[in-house]
Protein chains: 2
Amino acid sequence: MPPKRSTCPIASTLDLIGDRWTLLIVRDIMFFDKHRFEEFLDSPEGISTNILANRLKLLEELGLVTKQPYSNHSRRMSYHLTEKGESLRTLLKAITRWGLKHLPDTEIPREE
Amino acid sequence: MPPKRSTCPIASTLDLIGDRWTLLIVRDIMFFDKHRFEEFLDSPEGISTNILANRLKLLEELGLVTKQPYSNHSRRMSYHLTEKGESLRTLLKAITRWGLKHLPDTEIPREE
DNA sequence: CGGGATCCGTCTTGATACTG
DNA sequence: CAGTATCAAGACGGATCCCG
């Protein structure tokens with residue numbers, strides 16, 4: 001919920017994704033091939049269930065993520081990036097590069 | 001205050017700057033040549049004084065910003081980016097580009 | 001007057017327990 | 001398994017106060 005609006009692209013972007021969790025979900029989908037609720041919960045940062053549900057809903061509403069049933073007969077849900085969500089890749093990479101360069105104890109996590 | 005740590009550069013970076021205000025201050029210094037407390041307050045997003053003071057202190061502690069007296073005989077303070085702070089320019093530009101492309105009502109603000 | 005610090009009511013966040 | 005309900009703790013916004 002943006003308290004105020006400005007037409008600045010930085011401010012507006014931060015209104016949407018400028019929090020501690022949203023981009024981590026995008027990261028999980030984009031780089032770690034995670035797609036289910038439980039997989040997001042498993043990430044080392046330890047998001048809690050209500051925050052995760054809330055952010056997934058927001059990401060859907062923003063058109064960055066789609067939610068589909070895993071298969072016709074399962075109630076398992078599967079979250080994927082839309083094209084608009086994919087467009088955050090450049091941004092995520094810029095963040096990664098900055099972190100790797102300026103924060104001592106960071107590294108590219110290995111595939112599990 | 002990072003509640004948890006991980007070695008992921010994205011998560012660690014978001015621990016530092018993943019909020020609605022911090023990068024807006026960096027933006028004001030970097031792109032709008034603002035350097036004083038009152039100038040930051042004037043930005044259209046409307047940060048409040050306690051939040052601004054808090055973020056400036058955090059930015060100092062992170063080594064992204066330095067605080068100096070305006071001149072020897074003035075008590076006016078002047079905030080500037082360190083080299084590490086300047087290194088966020090690429091990131092800020094990536095955010096700007098994403099916002100301009102994907103958020104309808106954004107535009108590069110003109111100089112005042 | 002500029003640069004904050006403090007206090008307080010409100011809104012948001014998050015951990016945990018619980019449910020279909 | 002994928003969430004929702006609950007409730008405490010923290011962050012925020014605004015006003016006011018303070019200090020040089």
Side-chain angles (χ1 to χ4, degrees), chain A residues 1-6 11-12 14-26 28-29 32-62 65-80, chain B residues 1-6 11 14-26 28-29 32-62 65-81:
Chain A
M1 268 140 265
K4 274 187 187 181
R5 283 278 167 185
S6 84
S12 298
L14 291 175
D15 279 346
L16 306 188
I17 57 170
D19 78 297
R20 247 183 62 74
W21 295 113
T22 303
L23 284 183
L24 292 180
I25 298 171
V26 175
D28 280 352
I29 304 177
F32 299 142
D33 201 38
K34 297 186 176 186
H35 300 281
R36 292 188 302 107
F37 198 89
E38 207 197 14
E39 293 178 308
F40 302 132
L41 288 180
D42 284 343
S43 290
E45 292 83 14
I47 193 172
S48 57
T49 58
N50 55 346
I51 302 295
L52 175 56
N54 172 265
R55 294 307 192 281
L56 284 171
K57 189 184 298 179
L58 289 175
L59 282 167
E60 249 195 293
E61 290 170 7
L62 294 173
V65 160
T66 53
K67 171 190 190 174
Q68 319 151 10
Y70 221 77
S71 76
N72 283 347
H73 296 304
S74 168
R75 238 167 291 101
R76 285 154 86 121
M77 290 297 153
S78 177
Y79 295 91
H80 290 269
Chain B
M1 270 140 261
K4 275 188 187 180
R5 281 278 167 186
S6 84
L14 291 175
D15 280 346
L16 306 187
I17 57 171
D19 78 296
R20 246 185 65 72
W21 296 114
T22 303
L23 284 184
L24 292 181
I25 298 171
V26 175
D28 280 352
I29 303 178
F32 299 141
D33 201 38
K34 297 187 174 186
H35 300 282
R36 292 189 303 109
F37 198 88
E38 210 196 14
E39 292 179 309
F40 302 133
L41 288 180
D42 284 343
S43 290
E45 292 82 15
I47 193 170
S48 56
T49 60
N50 54 348
I51 303 295
L52 175 56
N54 171 265
R55 293 306 194 280
L56 285 171
K57 190 183 298 177
L58 289 176
L59 282 167
E60 251 195 292
E61 290 170 8
L62 294 173
V65 159
T66 54
K67 172 189 189 174
Q68 320 152 11
Y70 220 76
S71 77
N72 283 347
H73 296 303
S74 167
R75 243 165 284 102
R76 285 155 85 121
M77 290 298 153
S78 179
Y79 296 91
H80 289 270
L81 293 173

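The sequence lines fix the lettering, A, B, ..., with proteins before strands; numbering per chain opens at 1.
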K.L.:
Check the distance between C/dA15's C1' and A/L41's CG and give it to me in whole angstrom.
P.N.:
12 Å
K.L.:
Who passes salt bridge (Lys or Arg N to Asp or Glu O under 4.0 Å) against A/D19, sequence neighbours left out?
P.N.:
A/R55
K.L.:
Whole angstrom is fine here: how far is it from CG in B/D19 over to C1' in D/dC12?
P.N.:
11 Å
K.L.:
Between the protein and nucleotides 1-4 of chain C, are there any N/O to N/O pairs under 3.5 Å, and if so, what are the atom names and distances?
P.N.:
| from | atom 1 | to | atom 2 | distance (Å) |
| --- | --- | --- | --- | --- |
| C/dG3 | OP2 | B/R36 | NH1 | 3.4 |
| C/dG3 | OP2 | B/E38 | N | 3.2 |
| C/dG4 | OP1 | B/K67 | NZ | 3.1 |
| C/dG4 | OP2 | B/Y79 | OH | 2.2 |

K.L.:
What's the CG-C1' distance between A/L14 and D/dC12, to the nearest Å?
P.N.:
16 Å
K.L.:
Between P on D/dT4 and CZ on A/R55, what's the gap in Å once rounded to a whole number?
P.N.:
14 Å
K.L.:
Could you tell me which residues satisfy side chain to side chain contact (heavy atoms under 4.5 Å, CB included) with A/E39, sequence neighbours excluded, listed by chain and number?
P.N.:
A/K34, A/H35, A/R36
K.L.:
Mind calculating the distance between CD1 (A/I47) and P (D/dT4) to the nearest angstrom?
P.N.:
14 Å
K.L.:
Which pair of heavy atoms, one from A/S43 and one from A/D28, lies closest together, and at what distance?
P.N.:
OG-OD2, 2.6 Å
K.L.:
Kindly write out the residues that satisfy side chain to side chain contact (heavy atoms under 4.5 Å, CB included) with A/E60, not counting sequence neighbours, or none if the list is empty.
P.N.:
A/K67
K.L.:
Using OP1 and OP2 only, check whether a side-chain N or O of A/S48 sits under 4.0 Å from C/dA15.
P.N.:
yes
K.L.:
Find the bend of the helix from C/dC1-D/dG20 to C/dG20-D/dC1 as the angle between its two terminal axes (five pairs each), to the nearest 10°.
P.N.:
30°
K.L.:
Please identify each residue that fulfils side chain to side chain donor-acceptor pair (under 3.5 Å) with B/T49, with sequence neighbours left out.
P.N.:
none
K.L.:
Could you state the CG-P distance from A/N50 to C/dT12, rounded to the nearest angstrom?
P.N.:
14 Å
K.L.:
Can you name the residues that form a side chain to side chain contact (heavy atoms under 4.5 Å, CB included) with A/L59, not counting sequence neighbours?
P.N.:
A/T22, A/I25, A/V26, A/L64, A/V65
K.L.:
I want to check something: taking the side chain as every heavy atom from C-beta on, are A/F40 and A/I29 in contact at a cut-off of under 4.5 Å?
P.N.:
yes
K.L.:
OP1, OP2 of D/dG13 versus side-chain N and O of B/W21: anything below 4.0 Å?
P.N.:
yes
K.L.:
Does A/N50 have any side chain to side chain donor-acceptor pair (under 3.5 Å) partners at least two apart in sequence or in another chain, and if so, which?
P.N.:
A/S48
K.L.:
In this structure, how many angstroms lie between the C1' atom of D/dG3 and the NE2 atom of A/H35, rounded?
P.N.:
19 Å
K.L.:
For residues A/F37 and A/L56, report the shortest heavy-atom separation together with the two atoms involved.
P.N.:
CD1-CD1, 3.9 Å
K.L.:
In whole Å, I'd like the distance from the CD1 atom of B/I51 to the C1' atom of C/dT12.
P.N.:
12 Å
